[in-house]
Amino acid sequence: MSLPDFIQHNVDLSARTTLALPGCAALFAEIHSVDQLDQLVSVSARRFVLGGGSNLVLTGDFDGIVVHVALGGRRLLREDAEGW
């Protein structure tokens with residue numbers, strides 16, 4: 001399986017958590033565009049979405065893909081009778 005070029009291998013996660021506990025992600029993707037997020041659909045691995053890291057306690061390595069969404073701002077995709 002070919003992975004998108006923005007996915008990194010064996011990334012240390014300790015700097016991404018408040019407690020700085022040791023842990024490594026087998027795969028890591030920092031998402032800066034909706035297009036990158038779409039490309040992750042084809043990656044067949046366990047997924048973990050990482051936020052700011054302040055409520056995360058690592059207990060070791062993660063054998064899947066850690067996804068850090070770094071999209072800035074908000075954008076209205078549509079507005080209809082169901083919502084916006």
Side-chain angles (χ1 to χ4, degrees):
M1 165 180 72
S2 176
L3 295 173
D5 61 354
F6 60 88
I7 294 180
Q8 301 171 40
H9 296 268
N10 300 316
V11 174
D12 179 17
L13 298 173
S14 62
R16 297 180 181 276
T17 66
T18 304
L19 298 175
L21 296 173
C24 185
L27 300 171
F28 182 85
E30 188 164 270
I31 304 300
H32 294 280
S33 71
V34 175
D35 181 53
Q36 287 178 321
L37 197 54
D38 287 341
Q39 291 178 52
L40 286 182
V41 173
S42 65
V43 177
S44 61
R46 290 182 348 136
R47 293 178 173 91
F48 180 81
V49 178
L50 176 65
S54 62
N55 294 322
L56 180 65
V57 177
L58 298 175
T59 60
D61 296 342
F62 183 71
D63 64 353
I65 184 167
V66 173
V67 179
H68 181 241
V69 181
L71 294 169
R74 290 171 268 198
R75 185 177 76 185
L76 178 64
L77 298 177
R78 74 173 196 269
E79 185 173 354
D80 57 28
E82 300 296 316
W84 56 272

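The first residue in the sequence is number 1, and the count goes up from there.
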Determine, using the 4.5 Å side-chain heavy-atom cutoff (strictly less than), whether [X] and [Y] are members of one ILVMFWY cluster.
X: Val43; Y: Val69; value: yes
X: Leu58; Y: Val11; value: yes
X: Ile31; Y: Val41; value: no
X: Leu50; Y: Phe62; value: yes

### Query
Could you give the distance from CG (Leu27) to CG (Asn10), rounded to the nearest 0.5 Å?
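So the CG of Leu27 and the CG of Asn10 are separated by 8.0 Å.
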
#### Entry: CG-CD distance between Leu71 and Gln36, expressed to the nearest 0.5 angstrom
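Between Leu71 CG and Gln36 CD, I get 8.0 Å after rounding to 0.5 Å.
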
### Message
Using modelled atom types and a 3.5 Å cut-off, is there a donor and acceptor pairing between side-chain atoms of Arg16 and backbone atoms of His68?
### Response
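Flag not set: sc Arg16 to bb His68 has no pair under 3.5 Å.
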
### Message
On a heavy-atom basis, which atom in Gly64 and which in Ala45 lie closest, and how many Å separate them?
### Response
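Closest approach of Gly64 to Ala45: CA-CB, 4.4 Å.
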
### Query
Residues two or more places apart in sequence or in another chain: which of them pass side-chain contact (heavy atoms from CB on, under 4.5 Å) with Asp35?
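Expected list: Ser33, Gln39.
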
### Message
Any non-hydrogen side-chain atom of Leu56 less than 4.5 Å from a side-chain atom of Phe48?
### Response
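Yes, side chains in contact.
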
### Message
Is there a side-chain contact between His9 and Leu3 in this structure, where contact means two heavy atoms from C-beta onward sitting under 4.5 Å apart?
### Response
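The answer is yes, as the side chains (C-beta and beyond) meet within the 4.5 Å cut-off.
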
### Message
If we check side-chain contact (heavy atoms from CB on, under 4.5 Å) with Phe28, which of these qualifies: Ile7, Ile65, Leu13?
### Response
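That would be Leu13; it is the only one of Ile7, Ile65, Leu13 passing the side-chain contact (heavy atoms from CB on, under 4.5 Å) with Phe28.
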
